[in-house]
Amino acid sequence: MSDSSFGENDPSLETDETTGDRSPGTDETATASPLEADASMDSQPFEKIESASDRPFDAVELTHRPSVASSVVAVAAAGFGALLAGLGSVNGLAIGAVGGAVLGVGLIRGHRTAVDIGALAVFAGVVIGGLGSTAVEPTVLGTIATVLAWDLAHGGIGLGEQLGRESPTRRLEAVLFVSSLSVGLVSGLLGYAVSLVGAGALPVDAVVLLVTAAALLTVALGARRSY
Amino acid sequence: MNRWRLALGLGIVALVGAVGIAVWDWSLGLNPETITLAGACLLLIALSAMSARRGSRSLGRPPAPERRTTVPVPGDSLSDALDSFRTSRIGLTASSRRIEHGLRTAAIAALTRFEGVSTTAAEGAIEDGTWTDDQVAAAYLSESVEPPPRDLRDRLLSIVGREQGFRTAVCHTAGAIAAIPSSRAIDSDSNVSVPEYGQFSTSRAAEPDRSNRSSPQRTADRAVSGIELRARRSTGHWTGIGVVALCAVGIGAIAQSPPVALAGVVGIGYAGFARSLEPPTLELSLERELSDADPDPGDEIDVALTITNDGDGFVPDLRLVDGVPPGLAVTEGSSRLGTALRPGESVTLEYTVAVGRGRHEFDPVFAVVRDLSRSSEHEYVIESDTTVVCEPALEPLGVRLALRSAATARAGRRSTDVAGAGTTFHSVREYRPADPLARIDWNRRAKTGELATLEFHEERSARVLVLVDARTEAYLAPEPDATHAVDRSVDAAGRIAATLLETGDTVGLAALGPTTRDGTRGRDTDLCWLAPTTGRDHAVRIQERLGSHPQFDPAPPDTAGSWRPQLKTIRRRLDDRIQIVFLSPLCDPASVTVARRLEARDHPVTVVSPDPTTDRTAGQQLAGVARRVRCVDLRRADVPVVDWQRDESLEEVLARFQERGRR
């Protein structure tokens with residue numbers, strides 16, 4: 001490779017290669033040894049200029065876990081449901097509390113089946129509580145709380161999967177919470193109004209018809225939409 | 001469809017009847033047993049509904065454009081890494097025992113290149129097992145070497161699976177081959193690191209790296225105009241609410257407990273809510289603002305995306321993913337948004353991206369709209385054009401660039417072997433009349449009385465073509481989303497060009513690689529070509545091409561193009577005496593061919609090679625060995641190679657290259 005001419009920034013080296021020396025006629029340039037060359041290299045460390053190739057991009061890693069606000073509200077609602085169940089019977093409280101815990105764990109892990117099981121347990125607690133009491137209000141409210149918890153938990157998991165915890169989603173979560181709560185309250189109020197009109201205890205015939213209506217309506221409304 | 005209408009109608013009749021009984025004391029004369037029966041029926045329906053609803057929940061998976069596009073790591077698959085040895089050497093085609101033969105070829109290649117022994121001697125060393133200290137590796141490649149005694153655990157493992165022992169041997173052998181060059185430079189007590197096995201059978205063509213991720217990295221694979229509806233689906237968010245209703249009413253009926261039966265009404269309310277709504281038609285207008293539309297590579301810029309609801313309806317649930325281009329990475333904040341928008345209202349999504357070199361066009365925005373109950377969703381892509389052009393800074397290097405001697409007749413600052421006027425001493429010759437007075441050796445005249453003339457190295461300028469290897473095979477990085485070799489090459493090309501222009505040399509620019517990204521074959525005129533010349537406007541042109549020419553696109557192309565016609569075109573355009581700085585990772589045999597063909601056509605070539613190899617798996621180590629073998633082969637063919645490691649700056653490596661070349 002003797003035919004390669006190496007340009008450089010250091011004038012103290014072999015004569016046939018040197019270009020940096022600006023004083024013509026000095027013969028000393030030929031006497032520098034490789035050792036000195038090393039020393040001069042070490043004494044002038046190259047300033048490392050940061051360029052695109054030196055700096056890797058630290059991209060944000062989205063946390064695809066259930067969103068915090070929805071999760072907190074969901075667990076609170078489940079807890080509220082369990083408490084209302086406790087008004088009717090202690091067993092209801094116990095089962096509801098266990099369900100709330102399972103729902104919470106499911107939210108921490110982002111596990112949909114655990115959320116389903118937890119919500120079902122809370123609902124079972126509410127039903128048991130309702131069987132042990134004659135007051136309508138705690139059971140209806142407990143059901144609303146349970147459905148709300150389940151709804152928000154799944155919504156939170158979905159938000160985590162689609163958008164991640166880092167993304168701004170508070171506004172969306174607030175809208176969904178309010179809409180879901182109002183639907184529950186309105187339908188609960190309707191049921192409550194029917195029971196009030198029926199003066200506490202409905203006639204047996206009415207209950208049967210109501211049951212049938214419920215069954216048919218749920219089957220009708222629960223049918224999957226086909227696109 | 002008709003069934004549920006019938007059910008709905010009957011249900012409403014029953015409901016009216018129930019209310020009538022409750023309010024106006026109608027009588028039907030039913031007994032409690034009937035009620036219990038009805039309750040049991042309801043529970044059965046609830047149970048069947050519950051068992052049917054499993055797995056019905058479906059969510060639209062949005063794309064994940066936040067990170068930069070990934071590129072393959074050299075040696076991702078062991079078989080590819082071994083194949084590259086086979087093509088670089090003639091002979092040894094093996095159908096069975098491919099890996100063993102491949103490893104043997106690799107070992108011979110490494111021994112002959114790095115230890116300087118002949119092929120016969122290398123084969124002998126492999127047969128004796130003397131080529132490595134690793135007994136497992138030595139025994140694997142030779143019949144005559146006893147494998148080392150294995151401990152009990154290994155023996156048990158080998159009973160469980162033969163595969164395990166084979167893998168261990170392959171890993172040891174790859175590690176030993178990778179250690180060949182260092183075994184002479186470093187002391188023998190440096191222990192050989194054994195790599196992981198990695199993947200074997202998948203070849204690069206069969207396995208694009210993007211498939212590892214669950215969601216696509218682009219929001220849309222083509223341009224869209226306006227707002228485009230892509231999909232509509234039901235999310236199944238409320239599936240199962242019927243169970244609540246039916247269970248509550250059923251249990252309430254059996255137990256004759258009004259509170260529980262009424263709880264079912266709540267469930268029915270939610271079920272109706274889930275059914276009754278449709279997502280609104282989306283009418284959005286988007287406006288994207290960048291804090292800097294013309295940043296330098298590595299800069300971070302702020303993006304503000306303003307979303308306005310132009311429709312008349314309330315958008316209760318809008319989920320939005322901005323189409324961050326593949327060359328940008330989100331470094332702060334999030335490019336996703338979940339919100340609700342009243343008519344005429346607007347929100348702003350703000351985040352920060354790091355910009356890499358190149359021309360980046362934002363992809364369409366991906367949006368999912370749901371109705372208030374979240375039971376159905378529509379998926380849209382929305383056009384929004386914003387372009388960031390990020391040109392590399394043409395910053396001259398702190399070192400003079402080592403070039404090969406092929407100077408032009410033009411005066412410049414690059415010293416040549418021609419004697420004449422200049423600044424560097426060349427020789428002394430006899431005085432001839434009319435020699436300039438300044439060049440007479442007056443010291444000698446004073447000592448001896450003779451006249452002599454000093455000769456200096458003439459200083460001329462060089463004509464250089466900077467050729468960037470941007471073929472699909474060059475898009476490689478030590479980690480899938482690290483800066484890849486083409487990015488480093490282009491960055492280096494800009495700085496080398498700037499350095500040469502500063503020293504008065506003429507510089508041209510060309511590239512090998514696909515001119516389009518969609519797989520269609522580009523024309524010759526699409527090739528990046530700037531003939532060597534000088535001047536400030538030329539520097540600007542180089543910067544523009546490096547920043548936005550499609551051949552230098554930071555996103556890896558999908559298909560491999562053909563480089564041979566491109567090389568032919570470039571060679572036709574090259575004048576005599578142009579020398580070439582070739583920037584290539586040297587990770588496939590073709591890159592060596594390019595360098596040697598140009599060298600054979602009397603264009604002195606200097607290769608600057610950014611190293612994208614790493615050493616985690618056996619395949620990756622072997623890919624590294626193959627690359628070093630190519631470097632040695634090129635150097636033996638008198639083509640200087642600058643081996644540019646990942647953690648070094650270009651200045652460091654060029655300065656070291658100069659020092660080594662001089663000794």
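Chain letters run A, B, ... following the sequence lines, proteins first and then strands; every chain starts at 1. Reckoned from all heavy atoms, side chains included, excluding hydrogens, waters and symmetry mates.
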> Do B/Pro259 and A/Val140 come close enough that some side-chain heavy atom pair is under 4.5 Å?
no
> Out of curiosity, B/Ser335 OG to A/Leu62 CG, how far, rounded to the nearest 0.5 Å?
7.0 Å
> Where does B/Leu397 contact chain A at under 4.5 Å (heavy atoms): side chain, backbone, both or neither?
neither
> Just so I know, are the side chains of B/Leu337 and A/Ser167 near enough to count as touching, which here means a heavy-atom distance under 4.5 Å?
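The answer is no, as the side chains (C-beta and beyond) never meet within the 4.5 Å cut-off.
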> Which word best sums up how the rings of B/Trp238 and A/Trp150 line up, parallel for under 30°, tilted for 30 to 60°, or perpendicular for over 60°?
tilted
> Does a side-chain heavy-atom distance below 4.5 Å link B/Asp317 with A/Leu172?
yes
> Counting only N and O atoms by type, is there a donor-acceptor contact under 3.5 Å from the side chain of A/Arg171 to the main-chain atoms of B/Thr339?
no
> Given side chains that start at C-beta, do those of A/Thr143 and B/Tyr270 come closer than 4.5 Å, heavy atoms only?
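Not in contact.
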> Any side-chain heavy atom of B/Leu262 sitting closer than 4.5 Å to one from A/Thr139?
no
> Flag the pair A/Thr169 / B/Arg336 as yes when at least one side-chain heavy-atom distance between them is below 4.5 Å, and no otherwise.
no
> Can you name the one residue among A/Val186, A/Leu189, A/Ile144 that meets side-chain contact (heavy atoms from CB on, under 4.5 Å) with B/Val266?
A/Ile144
> Please report the interatomic distance OG(A/Ser180) to CG(B/Leu372), rounded to the nearest 0.5 Å.
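Between A/Ser180 OG and B/Leu372 CG, I get 8.5 Å after rounding to 0.5 Å.
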